[in-house]
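To start, the structure itself, in structure tokens.
Residue numbering restarts at 1 for every chain, and letters A, B, ... go by the order of the sequence lines.
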Amino acid sequence: MTDLAWIDAALTSARPQAIGALLRYFRDLDTAEEAYQEACLRALRNWPQKGPPRDPAAWLIMVGRNAALDGVRRKSKQTELPPEDVISDVDDVETPMAERLDGAHYRDDILRLMFICCHPELPATQQIALALRIVSGLSVKQIAKAFLVSEAAMEQRITRAKGRIAKAEVPFEAPGAVERSERIAAVAAMVYLVFNEGYSAGAEAADARARLSEEAIRLARLLLKLFQTEPEIMGLTALLLLQHARVAARFDAAGAAVLLEDQDRSLWNRDMIGEGLALIDKAMRHRRPGPYQIQAAIAALHARAPRPEDTDWAQIEALYVGLERLTPSPVITLNRAVAASKARGPAEALAMIEPLADALGGYFYFFGAKGAFLLQLGRDAEARQAFDRAIALANTAAEAAHIRGQIDRLTADARARAAR
Amino acid sequence: MLYALLCYNSEEMVFSWTKEEDDAVMAKLAVVHGKLAAAKKLGPTLRLMPTTAATTLRKSDPPMVIDGPFAETKEQLLGFYIVDCADLDEALGVARELGEANPGGAYEIRPLRVFLPGTLEAEPAGASA
């Protein structure tokens with residue numbers, strides 16, 4: 001890595017802590033961001049000559065704070081400006097003080113910075129855009145590209161979101177234990193949104209979107225580093241790693257989605273899978289199961305199977321039962337039914353999803369699964385009806401292609417059975 | 001004399017590398033590894049998962065299990081090399097060369113007191129998963 005690339009990486013990784021602390025000082029997001037920007041400019045001038053400081057975040061906080069205060073003074077014209085080299089040369093003397101100031105606060109600083117992005121009044125897309133801009137420091141252009149919108153539209157979306165949180169009450173006092181765990185849960189949900197925004201993309205924007213998934217993993221690791229004993233954050237991080245591990249196998253050369261059971265498992269990222277499994281191991285010790293842990297455990301069972309037919313579907317069904325109990329939802333029941341169909345056959349699975357018809361009447365995946373169960377039971381005409389309904393409900397060409405692929409496969413299977 | 005070169009760096013940075021950046025660093029390091037191996041100076045080498053994957057057993061009575069690394073530091077222990085060098089100067093030379101291939105962070109050079117090579121075969125990363 002070149003010096004400049006190293007500095008860039010150091011600035012990016014110090015960003016959440018630095019802006020979080022500056023936000024606590026100035027209680028205004030724009031001022032905090034400007035102060036951080038100014039500190040970065042000075043770092044780019046200063047570090048190549050003097051070498052990087054031992055603690056980049058502390059350096060940026062101190063220099064950013066001085067620069068912003070200086071800006072305030074300059075505006076009021078009461079004080080003469082100190083010479084530039086005095087301000088930008090604070091690292092040696094003031095770093096220990098900055099550390100003392102911020103060591104105790106940095107967890108809550110970063111948590112607060114992440115938390116203001118998940119204000120309940122902000123729609124999911126704005127939460128994601130804001131987190132990527134403020135916490136991750138992605139450029140508006142990069143974010144716009146991932147969302148497939150123009151830069152101007154994204155700029156406007158972020159400005160609007162910032163306007164909303166500026167009006168909202170941002171709590172600056174250190175949170176109590178209950179409040180802290182509520183914040184952690186809200187931030188975890190936001191991180192999962194960022195990940196899904198990347199994960200649910202089709203092949204067309206795969207590269208820009210993969211960036212979002214990687215950012216989400218970075219944010220999850222950051223959150224886990226701050227709160228090392230939270231089993232649900234271990235679960236969240238594991239879930240993201242285990243899902244992202246499959247990214248290279250999820251689309252074929254033509255850009256069509258490849259079903260889990262058809263994926264080339266040699267393309268799965270073993271480093272990520274290893275880390276995900278290690279984190280689930282740690283989480284399980286706490287015996288405080290939660291939705292992220294259970295979903296991660298399900299992803300782990302897929303990851304552990306060398307071939308699709310080695311998948312432990314009975315255990316996956318049991319995990320879905322647990323997930324259903326914690327967060328009842330027809331979609332989870334549907335997923336449980338799919339696992340049940342693999343473990344115990346299509347008849348029971350079909351009975352399981354019958355009561356979901358009302359709740360999931362507009363959900364393409366429901367009809368896809370129903371069609372698959374029916375076809376396996378030899379009720380071809382009904383299966384065809386369900387598949388047609390699924391294709392009509394598909395939101396994207398990829399979803400429709402996914403169902404058509406399923407029809408082709410099951411038709412072929414049924415013919416093979418009939419021929420036997 | 002056997003030396004351990006303990007690799008410290010900011011894990012936020014290292015684990016934020018893109019696959020391309022990571023591959024580029026590893027390719028540069030591989031050149032240095034190759035030279036050391038050819039000179040029969042390279043012992044076991046390993047790279048650790050991030051400290052978020054760590055668990056610590058405090059040998060108190062009763063022993064206590066703690067999530068996370070033993071010490072929370074600005075830079076983390078991310079891996080190590082065992083190298084066979086004539087003296088500290090040579091070990092520092094190896095560290096310098098590795099540092100040119102992979103700048104940032106620090107190497108702590110610690111002479112070894114006991115070395116048991118063990119019986120494990122090398123395996124590709126994550127293969128035990």
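- The two residues B:Asp67 and A:Gln228 come nearest to each other via the heavy atoms CB-O, 3.2 Å.
- Rounded to the nearest 0.5 angstrom, A:Glu275 CD and B:Phe15 CZ are separated by 6.5 Å.
- The parts of A:Ala10 that come within reach of chain B are both its backbone and its side chain, each placing non-hydrogen atoms under 4.5 angstrom from that chain.
- In this structure, A:Asp271 CG and B:Arg47 CZ are separated by 7.5 Å, a value rounded to the nearest 0.5 Å.
- Residue B:Phe70 qualifies as open at atom CZ: its count of foreign heavy atoms under 6.0 Å is 12 or below.
- Most heavy-atom pairs under 4.5 Å with chain A: of the set B:Pro50, B:Ala24, B:Ser10, this distinction falls to B:Pro50.
- Here the shortest heavy-atom pairing between B:Lys74 and A:Asp55 reads CE-OD2, 2.8 Å.
- Contact annotation for A:Arg285: only side-chain heavy atoms (C-beta onward) come within less than 4.5 Å of a heavy atom of chain B.
- Nearest heavy atoms, A:Ser13 versus B:Met13: OG-CG, 3.6 Å.
- The existence of a salt bridge linking A:Arg54 and B:Glu75 is confirmed by a sub-4.0 Å separation between a basic side-chain nitrogen and an acidic carboxylate oxygen.
- Residue contact with chain B, scored on non-hydrogen atoms closer than 4.5 Å, involves the side chain of A:Leu279 exclusively.
- The shortest heavy-atom contact between A:Arg218 and B:Ser16 is CD-OG, 3.0 Å.
- Summarising the local packing, CE of B:Met49 is surrounded by more than 12 heavy atoms from other residues, nucleotides or ligands at distances under 6.0 Å.
- Of the two parts of A:Met234, only the side chain, counted from C-beta on, holds a non-hydrogen atom closer than 4.5 Å to a non-hydrogen atom of chain B.
- At distances below 3.5 Å, at least one donor-acceptor pair connects side-chain atoms of A:Lys282 with backbone N or O atoms of B:Thr52.
- Taking a cutoff of 4.0 Å between a charged side-chain nitrogen and a carboxylate oxygen, B:Glu11 and A:Arg221 do not qualify as a salt bridge.
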B:Glu12 and A:Gln17: CA distance, side-chain angles, deciding distance, side chain to side chain contact (heavy atoms under 4.5 Å, CB included) verdict: CA-CA 12 Å; B:Glu12 270 95 354; A:Gln17 191 187 340; over 6 Å; no

